[in-house]
Amino acid sequence: MSSNESKFFTLLHTQIQYWIWQQAWNDLRDVQEQSIPIILDQKTDVIISASTASGKTEAAFFPILTKMLGRDGGLGLTVYISPLTALINDQFSRLTALCENLHIPVWPWHGGVSASVKKRFLQNPEGVLLITPESLEAVFCNHGFQVKTIFSDLQYLVVDELHSFIGSERGKQLQTLLHLMEHSIQRKVPRIGLSATLGDMNLAAQFLRDSGSCEIIEAKGENHEVKILLKGVIQKAVVSVRDDESGCDEEDVELAAVRSITSYLYKTLRGSNNLVFPNSRAKVELYTYQLSNLCTINQVPNEFYPHHGSLSKEIREEAELSLKSKEHSTTVICTNTLELGIDIGSVKSIVQIGSPPSVASLRQRLGRSGRRRGEVAILRSFTVEQELTGQLHILTELRVGTFELCAMIDLLLEGWCEPPKPNGLHLSTLVQQILALISEHGGITAPDAFHILCKDGPFKAIEKGDFLELLKALVSKKLIEQDGAGVLLHGEKGEKMANHYSFYAAFSSEEEYRVVSGSRTLGTIPIQNSLQTGDFILFAGKTWRVNEIDDESKTVMVSFHKTGRPPTFNNQGGYIHTTVRQRMKELYLSSIEPSFADGVAKQLVKEGRESFARFDLGLRKIMQKGSSVYLFTWLGDAANEAVAALLRRQGLSPYINGPVIEFFGTGATADDVIACLNRLQKNPMPDIEVLLAESKNLLKEKWDWALSDSLMKKSYASLYLDLSEAKMWIDNF
DNA sequence: GACCTGCTGCGGGGTG
């Protein structure tokens, strides 16, 4: 380390300078250099934005540890919060290597850490605490009276993978926890967010703290060269007669498309490390099975492993270790489990089958490829469309999937991605936090709870009236009750729920069955899965027979069998942004061939444009085909849902199908829909509660069931309805 | 055609 190249190196503690020198690092990274004076100063919040494994942790901790070592009266405490336990384990090893010589204790704290370690930390809360939001919640609930002492010497709050928290229930919980730590000691503490280079940094800063100054440190020169290929695959039409020579049933038709993709992947990916994203756990199973089957048939060692959230830790680690190993090449077929910060090194290429859930997700995925100096990031994508014969849906004729994927790749290349939704009310998390405050303090008055959580806390959008309505609902659900002195306490049901360990997570989860083969746990599947003894399943890349289902221990016993198909997992979808739909429309209107498309994909684009022109969709927003009416808004899902809700209020029965709002079998004509839209232009906007009166399935978050009807609908609308976009579109219709 | 994340305290039994 030549310290003359660095302006701020000498500001670090000499022991840390020595440690850096020992590592034989040539220079400090740009973000590390920039962060030193700002973090040492302790005057503002900071966001450090750089890709995974680019030295963000060191950028934060070199100056943090320097400051702690230089303090009079002990080291004080730094709290590091991570969304993943795996990340805490990683960081524990890395930080311990650095902190051992500095005599700074590092404390890991999550569900897998022994109680004795936690106890020792509580006796002397000093050094660096590495913890999850859920475990921090547990500290507040179970050690409420000690909280003030624990955090009394708090110096810094560090949040890793900040972007993964923004816009969710868990993010709202995190904001509350940050606020509660500061509230307990009645002073502000510098917050440091570590984030991937995604989205809008000002939004991220506002999420980290709703007002105040925040320095943003962004890594420069991270734009690597990208190579992109789009391959089209045409799926044969379904033939109903099975023993017709070319005929096969629907499932075989789908399998034929999978086979055509796998044979290409087998030839292309073997011999290097890659990640394949087919968008669902069932597809992960299908592709892994087909690919490893090809290895068996060709008598070569298997290079293909599955990775998704339902697989056991052991099976996932097998895939991760294989990727990291230098002995042999590995391709992992995965869901977005491998989008997160787990260290798997750099891979040669990314395969995306079908359009990704979002551009942000595609960008994160592609960030895994070509990370070493001089390497190119490679994206191979596939679009599968049905053959153009017989009666087809209008969306098939428009090749909508192909255009969605092209639009997303286009936006990715421009550097755009979806901003997170920071304004969700997340009243579900407010319910959790009211119950948690009661645990922490042994009871709390309504005005105190309102001040801490709403007036001064992260639920500022909630006014007093709403808060009282919420408390009333919680009383009626027996979650809370009020004693003679007006203090809120847990109710009969609240007591039970707040004292169970499942209380600490802000998000909900289904009950699941363990899938076990002999003594080995393969993973879990959702409880509602209609699995029966004697079924044949495809799981963890292999096929099994279900021998026994034990409802008592929630276990599915399986053994090897030669066939099987993937079980059905839970379905929950992503939301397409308006910018993506607008870009799709532009692509339909354009005549430029996408340069990254192969011959078949170019043909699909041509067919889509021909249908678009035939239906005259450049000018027409509504069309009738037989007894069905189709409304094209080219808006995102949240705005389309608002348009549909408004039309439902007018007596129509709209059905949202991807980019189009359909009316079928209801007798409604295009003229009827137009008349309704004209009427809506003249009418004032109805209240959310009135608008959503007929809507179903609005319970999304963990505690939504405990809200009053009107608050539940407000909370839902804050996330899933874009009324202003919908209104603007209707006014311009 | 559809993701992911997380979890306490305590008692009982085994091992060093």
Side-chain angles (χ1 to χ4, degrees), chain A residues 81-88 109-119 122 131-144 160-161 163-171 173-174 177 235 254 257-258 277-284 286 307-311 313 316 334-342 352-358 360-362 364-365 382-386 393 395-396 400-402 404-405 432 436 439 496-510 512 524 526 566 568-576 637 656-659 701-702:
Chain A
I81 304 171
S82 155
L84 300 172
T85 58
L87 211 52
I88 287 180
W109 186 317
H110 57 69
V113 173
S114 83
S116 62
V117 172
K118 297 171 182 173
K119 210 169 158 189
L122 290 175
I131 195 165
T132 60
E134 288 72 20
S135 284
L136 196 51
E137 188 73 62
V139 170
F140 274 93
C141 291
N142 300 324
H143 306 277
D160 207 349
E161 306 274 1
H163 59 279
S164 74
F165 287 108
I166 305 177
S168 70
E169 306 146 272
R170 209 182 183 200
Q173 177 187 34
L174 173 73
L177 292 167
Q235 190 173 305
E254 208 189 306
V258 173
F277 293 93
N279 292 348
S280 75
R281 285 171 284 187
K283 287 264 166 71
V284 165
L286 209 53
H307 197 285
H308 60 71
S310 292
L311 293 175
K313 206 171 150 194
R316 287 200 245 177
C334 58
T335 57
N336 52 5
T337 42
L338 287 184
E339 247 176 56
L340 300 165
I342 306 165
Q352 175 63 51
I353 302 171
S355 55
S358 65
S361 169
L362 182 61
Q364 186 92 317
R365 291 172 182 184
F382 289 85
T383 177
V384 182
E385 299 276 4
Q386 266 183 58
H393 192 276
L395 294 181
T396 308
V400 156
T402 303
E404 190 178 281
L405 183 50
Q432 182 204 28
S439 295
K496 274 193 201 126
M497 299 186 78
N499 287 322
H500 192 263
Y501 67 88
S502 60
F503 175 75
Y504 309 119
F507 54 89
S508 61
S509 52
E510 306 292 336
E512 293 190 314
T524 57
T568 45
F569 296 93
N570 287 336
N571 301 333
Q572 262 188 54
Y575 276 71
I576 302 290
D637 288 331
I656 301 175
N657 187 1
E701 302 184 340
K702 189 176 183 180

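Below, chains carry the letters A, B, ... as their sequence lines are ordered, and counting in each starts from 1. As the structure is a prediction and not an experimental result, all values here were calculated from the model.
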Using only side-chain N and O atoms of [X], determine if any of them is under 4.0 Å from OP1 or OP2 of [N].
{"X": "A:T85", "N": "B:dG6", "result": "yes"}
{"X": "A:S168", "N": "B:dT5", "result": "no"}
{"X": "A:K283", "N": "B:dA2", "result": "yes"}
{"X": "A:N142", "N": "B:dG9", "result": "yes"}

Just so I know, are the side chains of [X] and [Y] near enough to count as touching, which here means a heavy-atom distance under 4.5 Å?
{"X": "A:N279", "Y": "A:I353", "answer": "no"}
{"X": "A:F503", "Y": "A:K496", "answer": "no"}
{"X": "A:E701", "Y": "A:S508", "answer": "no"}

Closest to the [X] side chain: [options]?
{"X": "A:S280", "options": "B:dA2, B:dT5, B:dG9", "result": "B:dA2"}
{"X": "A:F507", "options": "B:dG6, B:dC4, B:dA2", "result": "B:dG6"}
{"X": "A:K118", "options": "B:dT8, B:dC4, B:dA2", "result": "B:dT8"}
{"X": "A:R281", "options": "B:dG6, B:dC3, B:dT8", "result": "B:dC3"}
{"X": "A:H143", "options": "B:dG9, B:dT8, B:dT5", "result": "B:dG9"}
{"X": "A:H110", "options": "B:dC4, B:dG6, B:dC7", "result": "B:dC7"}
{"X": "A:A505", "options": "B:dC7, B:dG6, B:dC4", "result": "B:dG6"}
{"X": "A:R316", "options": "B:dT8, B:dT5, B:dC4", "result": "B:dT5"}
{"X": "A:N336", "options": "B:dA2, B:dG6, B:dC4", "result": "B:dC4"}

Assign [X] to base, sugar-phosphate, or nothing according to its heavy-atom contacts below 4.0 angstrom with the strands shown.
{"X": "A:S509", "result": "base"}
{"X": "A:K119", "result": "nothing"}
{"X": "A:T335", "result": "sugar-phosphate"}

Task: A:H307 NE2 to B:dC4 P, straight-line distance once rounded to whole Å - done: 10 Å
Task: A:N279 CG to B:dC3 P, straight-line distance once rounded to whole Å - done: 8 Å
TODO: Please check if any side-chain donor atom of A:T396 sits under 3.5 Å from a side-chain acceptor atom of A:E385, or the reverse.
DONE: no
Task: Earlier contact from the 5' end, DNA chain B, for A:P83 and A:V113 - done: A:P83
Open item on the list: Should the side chain of A:S135 and the base of B:dG6 be counted as holding a donor-acceptor pair, with the cut-off at 3.5 Å?
Closed with: no
Task: Atom pair NE2/CG of A:H307 and A:N336 - distance to nearest 0.5 Å - done: 11.0 Å
Open item on the list: Determine whether the aromatic ring of A:Y501 stacks with the base of B:dT8, defined as ring centroids separated by less than 5.5 Å and ring planes inclined by less than 30°.
Closed with: yes
